[in-house]
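For ligands, and for the atoms within them, numbers begin at 1 and follow the listed sequence.
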Amino acid sequence: MSALVIEGGTPLRGRITAQGCKNSALAILAAAALFEDKVYLTNVPNIGDVRTMLSILRSLGYKINWGTGLTIKAGSTIKNHDLTQTGAGSIRGSLLFLGALLGRTGKVVLPMPGGCNIGTRPIDLHLKGLSMMGAEIKIQSGNIIGEAPSGLKGAYIYLDFPSVGATENLMIAASLASGDTTIENAAQDQQVVELGKFLMSSGVKIRGLGTKVIHIKGKKSLDSVTFRIAGDSIEAGTYLIAGAATRGVVTVDGVDVTFLRPLLFKLQEAGMEITVTNGHEISVDAYDRPKGITIKTMPFPGFPTDLQPMMSSFLTLAEGRSVIVETVYDGRMGHVNELRKMGAQIDVEGNTAIIDGVQKLSGAPVVASNLRAGASLVVAGLSAEGRTIVYGLEHVMRGYSALEEKLRALGAKVKLVSDEEAAQIA
Ligand code: UD1
């Protein structure tokens with residue numbers, strides 16, 4: 001268990017490079033279980049969730065070699081289709097092995113997935129879609145048990161909601177299925193587009209990537225792939241928000257601005273100056289106090305729910321009132337109570353937060369209840385006066401590589417410590 005000690009109040013200044021996208025990496029690592037040969041990936045972020053996915057691949061018989069790049073080499077056959085003893089239950093990304101193993105071996109046993117505690121997270125869309133492709137799936141003793149006795153077949157699937165995970169699971173399953181699959185009302189997020197590009201470079205034919213209707217033509221076996229994972233828009237967005245919240249000037253490079261536009265528009269609306277160079281280098285300059293704004297989270301290209309908690313921290317210091325409406329998750333206000341301990345004035349009604357901006361936050365011991373809630377507390381601690389200790393930092397480390405080093409490179413006074421050390425400092 002670890003904590004981040006932050007001596008707040010220093011404007012962040014400088015430049016960092018975005019890590020490889022966490023959520024793209026998770027989808028692509030699950031899709032690696034479709035391959036009978038080799039996958040070589042670069043720019044894979046060294047974070048907890050990625051390490052969990054690699055240990056699952058190892059249990060399937062894949063050889064992993066992670067140096068400059070990451071090589072995933074298949075054994076002669078998949079050794080195992082039961083993932084109940086692999087740590088798969090601790091992260092959400094493991095759910096994508098459902099489509100991958102049904103496609104590859106026709107059999108899978110998976111523990112119900114874990115991940116962030118941000119409300120109810122049903123998996124019905126995954127199961128309905130896979131059933132339409134010929135899978136027989138039941139939930140028994142906390143496990144998902146799937147079989148595709150006659151193999152998976154292409155299908156026309158309409159998603160009630162553009163679920164990122166369901167879109168990915170079905171794309172992965174469709175890659176080795178016989179015939180064509182269409183996913184209507186598909187998600188358009190960065191990780192979906194990148195997964196699609198990865199599958200296309202293995203010879204799968206995909207049309208409509210980045211739109212609401214995706215067509216996939218399955219293939220008998222996938223060609224070896226070398227693929228570079230693009231920069232992480234949520235990580236990049238977090239550092240841009242931290243720059244804005246501390247009234248600094250921060251540049252993030254190595255990220256496609258397409259996936260950050262919803263954030264950049266909102267930062268501009270709040271009065272921040274944004275500069276984009278060459279489509280992949282983004283700067284925020286916050287010389288004035290931000291103004292209160294309204295944000296409603298929506299599936300991409302709407303405002304990303306994963307940046308909502310950090311934007312909430314930023315807006316606690318805005319002039320006037322901000323309103324945040326969370327429409328994607330029903331329990332993503334876990335950061336609010338902790339922000340109140342730092343002097344933020346926030347009222348929550350259901351999934352709406354009403355933030356009345358204050359002149360300053362003051363440092364306090366706070367607890368991260370999940371990944372992005374933790375990131376929002378780090379943003380708040382950096383912009384607060386005095387010392388903040390963010391406990392539960394292991395949640396944040398699931399998604400941010402080199403957090404301490406990157407913050408220090410921007411001039412932040414931060415130290416990663418054990419809980420015991422934090423207790424002595426407090
Ligand atoms: C992914 C991201 C996560 C992000 C989310 C939304 C990964 C590993 N995680 O999560 O960081 O917050 O997209 O941008 O990429 N839903 C159903 N039934 C389903 C599936 C989803 O009702 O079968 C609902 C969920 O409860 C939730 C909403 O749809 O309310 C969004 O979920 P989804 O888009 O599936 O998110 P994830 O893929 O889990």
- Query: Mind checking whether Phe227 and Tyr40 have ring centres under 6.0 Å apart?
  - Reply: no

- Quick check: does Val164 get an N/O under 3.5 Å from an N/O on ligand 1? yes

- Message: How close do Pro299 and Val328 get, counting heavy atoms only, and between which atoms?
- Response: N-CG2, 4.3 Å

- Query: Can you check whether Phe161 and Tyr329 have ring centres sitting under 6.0 Å from each other?
  - Reply: no

- Query: In ligand 1, which numbered atoms sit nearer than 4.0 Å to a non-hydrogen atom of Gly165?
  - Reply: 35 (O), 38 (O)

Which donor-acceptor pairs under 3.5 Å do the side chains of residues 179-197 make with protein atoms, sequence neighbours left out?
| from | atom 1 | to | atom 2 | distance (Å) |
| --- | --- | --- | --- | --- |
| Asp180 | OD1 | Lys217 | NZ | 3.2 |
| Thr181 | OG1 | Ala155 | N | 3.4 |
| Thr182 | OG1 | His215 | ND1 | 3.0 |
| Glu184 | OE1 | Tyr156 | OH | 2.5 |
| Asn185 | ND2 | Leu159 | O | 2.9 |
| Gln188 | NE2 | Gly210 | O | 3.1 |
| Gln190 | OE1 | Ser233 | N | 3.3 |
| Gln190 | OE1 | Ser233 | OG | 2.9 |
| Gln190 | NE2 | Gly231 | O | 2.6 |
| Glu194 | OE1 | Ala230 | N | 3.1 |
| Glu194 | OE2 | Ser24 | OG | 3.0 |
| Glu194 | OE2 | Ala230 | N | 3.4 |

- Query: So which of Asp124, Asp330, Asn169, Leu26 gets nearest to atom 18 (N) of ligand 1, if we judge by its closest heavy atom?
  - Reply: Asp124

- Structural part of Val328 in contact with ligand 1, heavy atom criterion under 4.0 angstrom: both

- Task: Of the side chain and backbone of Glu168, name the one, both, or neither that has a heavy atom under 4.0 Å from an atom of ligand 1.
- Result: neither

- Item | Subset of ligand 1 atoms that lie under 4.0 Å from at least one heavy atom of Thr305 | 6 (C), 12 (O), 14 (O)

- Within 4.0 Å of some non-hydrogen atom of Tyr329, the atoms of ligand 1 are 3 (C), 4 (C), 5 (C), 6 (C), 10 (O), 12 (O), 27 (C), 30 (O), 36 (O)

- Message: If the cut-off is 4.0 Å to any non-hydrogen atom of Phe161, which atoms of ligand 1 fall inside it?
- Response: 28 (C), 29 (O), 31 (C)

- Check if Pro122 has a non-hydrogen atom at a distance under 4.0 Å from any atom of ligand 1. yes

- Does the side chain of Ser401 pick up a donor-acceptor pair with the side chain of Gln19 at under 3.5 Å? yes

- Task: Consider every N or O of Lys22 and every N or O of ligand 1, then say whether any pair is closer than 3.5 Å.
- Result: no

- Message: Is there a polar contact between ligand 1 and Leu125, counting only N or O atoms under 3.5 Å apart?
- Response: yes

- In this structure, which one of Val252, Leu12, Thr251 forms a side chain to side chain contact (heavy atoms under 4.5 Å, CB included) with Leu240? Val252

- Query: Can you list every side-chain hydrogen bond (donor to acceptor under 3.5 Å, both in side chains) pair that touches residues 123-150, not counting sequence neighbours?
  - Reply: His126-Asn169

- Message: Could you report the tightest heavy-atom contact between Met53 and Leu29, atom names first, then the distance?
- Response: CB-CD1, 3.9 Å

- Item | Note: Glu269-Lys266 ion pair, threshold 4.0 Å (strictly below) | yes

- Item | Atoms in ligand 1 flagged as close to Asn23, the criterion being non-hydrogen separation under 4.0 Å | 2 (C), 7 (C), 8 (C), 9 (N), 11 (O), 15 (O)

- Which atoms from ligand 1 have a heavy atom of Arg92 less than 4.0 Å away? 39 (O)

